[in-house]
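Naming: A, B, ... by sequence-line order, numbering from 1 per chain.
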2 protein chains.
Amino acid sequence: MNQPITSADKTFIALRDDIVEGRIQAGSKLSETELSTKYAVSRAVIREAINRLESCHIVERKANVGARVVALSPQGLIELYQVRESLEGMAARLAATNMTDQEIDDLSALLQSHFDEVKGGESYYQEAGDVDFHYRIILGSKNKHLISMLFDGIYHLVRMYRVQLGMAGPRVTTAYDEHKHIVQAILNRDAELAEMLMRRHILYSKNSIERKLS
Amino acid sequence: MNQPITSADKTFIALRDDIVEGRIQAGSKLSETELSTKYAVSRAVIREAINRLESCHIVERKANVGARVVALSPQGLIELYQVRESLEGMAARLAATNMTDQEIDDLSALLQSHFDEVKGGESYYQEAGDVDFHYRIILGSKNKHLISMLFDGIYHLVRMYRVQLGMAGPRVTTAYDEHKHIVQAILNRDAELAEMLMRRHILYSKNSIERKLS
DNA sequence: AAAGCATAAATTGTCGACAATTTATGCTTT
DNA sequence: AAAGCATAAATTGTCGACAATTTATGCTTT
């Protein structure tokens, strides 16, 4: 979905953001009638929005009983990162062969701009910057399934964990180096290495988070 | 969804099977009113079923225009196998550490029964047997996201390709050896090797299919 | 005759109402 | 007083109707 068109699109996004940002509590029940008045749309629209959230693994629904926001747990975060490692590793592998020279150039430029910011002492990098970097590589894979699984499915959940467990992108400087090496591997069209480096990158990130949680 | 409960559940499954088995043509338009009469349910139920099929990547929907069954293409099949390689590789890795001894025993027994069948000259193996083998390893990963992505998402699409491009599981005997090696790696709790072997297994399978297509 | 426009037909999107199911309430029985 | 049951209330599921949008039709203009 590039642009929200229908009322259901907009409600889906509004509801999703309210959940991801924690304005609707994790684990809480989603009452259709309640949400219907809250977002000023019919129950049919709410139901469609909830169905889509279920596809994203953000809510769980039981027939004839209703939907609940998923509960966050350390175990859940670990499982999420395992999937990320797998999928983004493959994305990096494919990106190394499928990205155009132009796209790689742009990626290098993005990385350079991050370097300037990090050197300038700004911490902006960790948030949007990291996401942006990963986005480009995922898109660069040119694999439709990979792209939609990560963007529609995994990434909002990752964001939900980030926001609610309050882990604002750690490891700024080391992550920059890792990014640099990944870009270098892609530049060399070394698919094998690009995958390996991306997997390590995500694994380190997972370990870093695990340490914070315990 | 373990058991279909609501009318929407049943319609979703009926519609999905009709598409996967080719009774509804790939690439064709899905008219809500038409399907409504065909399956003898209201349009609301049809719409919910179509929405779920969209989540499975079996249909594509455009706002205010309607839904179409996805078109099958060699490129699409390749992309699908890339995702399978990635996810099932990780599943095998996780299974090597997370499966119980009992589960591994059962898996070995399953493999033995396949061996007997192959030796007996039956070709039953290739269909349900292969699927069953992969199912167990995926479940053995104990990773919720991995399981649902593969079972709800990827596998029906794979089946759709198998049925419609008429590729009834090739490579029977060689695949058996590959399965055996994977089980051995899991038995040894060698996660690294289990992943590598599973990835190779799926890669070979992809190559074999590619050869048939061209 | 081809292109463009206005109107009609058909299709999807949204709504409120009723049905089916689950959950809460309060009574009865022991 | 606790457990079990019947009934009431609330919630989800399904339906048909209307609104909004897209697509098809046929006329007008050049």
| remark: Nearest heavy-atom contact between A:Asn98 and A:Glu103 is O-OE1, 4.4 Å
| task | Just jot down the side chain to side chain contact (heavy atoms under 4.5 Å, CB included) partners of B:Ala49, sequence neighbours excluded, or say none. | result | B:Thr11, B:Phe12, B:Leu15
| Candidate list A:Glu85, A:Glu192, A:Glu178, test salt bridge (Lys or Arg N to Asp or Glu O under 4.0 Å), partner A:Arg199, passing option | A:Glu85
| message | Could you work out, with side chain to side chain contact (heavy atoms under 4.5 Å, CB included) as the rule, every residue matching A:Thr37, not counting sequence neighbours? | response | none
| note | The dot-bracket string of DNA chain D, counting Watson-Crick and G-U wobble pairs with both distances under 3.5 Å, using [ ] for crossing pairs and | for pairs to another strand, is ||||||||||||||||||||||||||||||
| field | Qualifying residues under side-chain hydrogen bond (donor to acceptor under 3.5 Å, both in side chains), relative to A:Gln75, sequence neighbours excluded | value | A:Glu79
| note | Contacts satisfying ring pair (Phe, Tyr, Trp, His ring centres under 6.0 Å) that involve residues 15-70 of chain A (not counting sequence neighbours) are A:His57-B:His145
| Sugar-phosphate or base contact per nucleotide [nucleotides 5-19 of chain C; S, B, -; heavy atom under 4.0 Å] | ------SBBBB-B--
| message | Counting neighbours of CZ on A:Arg159 that are heavy atoms of other residues, nucleotides or ligands and sit closer than 6.0 Å, is the number greater than 12? | response | yes
